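See structure below.
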Amino acid sequence: MSDRDKDVEILVLRHQITVLDRRLGKKRVRFHPGDRAFMAAPLHQLPKDVPPRLRLLMRPDTVLRWHRDLLARRHAAASQPPHGAYRVVSETR
C-alpha cells in the first residue's frame with residue numbers, strides 16, 4: 001500500500017469518526033474491554049503531544065486510564081496463586 005493510499009484511508013476513517021460523533025451527539029460510546037485494550041496499547045506508545053491532535057471517540061486521559069487498568073489487570077493476573085493452590089484459612093493466619 002502506498003503512502004498516498006494510506007493517507008486516503010486515514011482521511012476516510014477520520015471522516016467516519018466525525019460523522020459518528022455528530023450522530024451520537026451527547027451520548028457516549030460504550031467500548032468493550034477488548035476494544036479498550038486494543039486501543040490503549042498502541043496509543044500509549046505515542047508521544048505525549050500526539051493524542052490531543054488525534055480525532056478519537058474518547059479523551060486522551062481516558063486512553064491513559066484504560067492503559068493503567070490494563071497493566072493493573074495483567075499484574076493482578078500474574079500475582080495470582082497457581083491453579084489449584086489452597087488458600088490459607090483466616091483462622092490459621
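Just so we're clear, the structure is a prediction, and the values are computed from it rather than from any experiment. We count residues from 1, following the sequence as given.
Note on residues 1-11: no pairs pass salt bridge (charged side-chain N to carboxylate O under 4.0 Å, His left out), not counting sequence neighbours.
Taking the side-chain contact (heavy atoms from CB on, under 4.5 Å) definition, one finds that Ile10 meets it with Arg14, sequence neighbours left out. Legend: residues meeting ring pair (Phe, Tyr, Trp, His ring centres under 6.0 Å) with Phe31, ordered by chain and number and at least two apart, are Trp66. For Asp35, there are no salt bridge (charged side-chain N to carboxylate O under 4.0 Å, His left out) partners, not counting sequence neighbours.
Atom CG of Leu11 sits about 10.5 Å away from atom CD of Gln16, to the nearest 0.5 Å. Distance check: Ile17 CD1 to His15 NE2 gives 11.5 Å after rounding to the nearest 0.5 Å.
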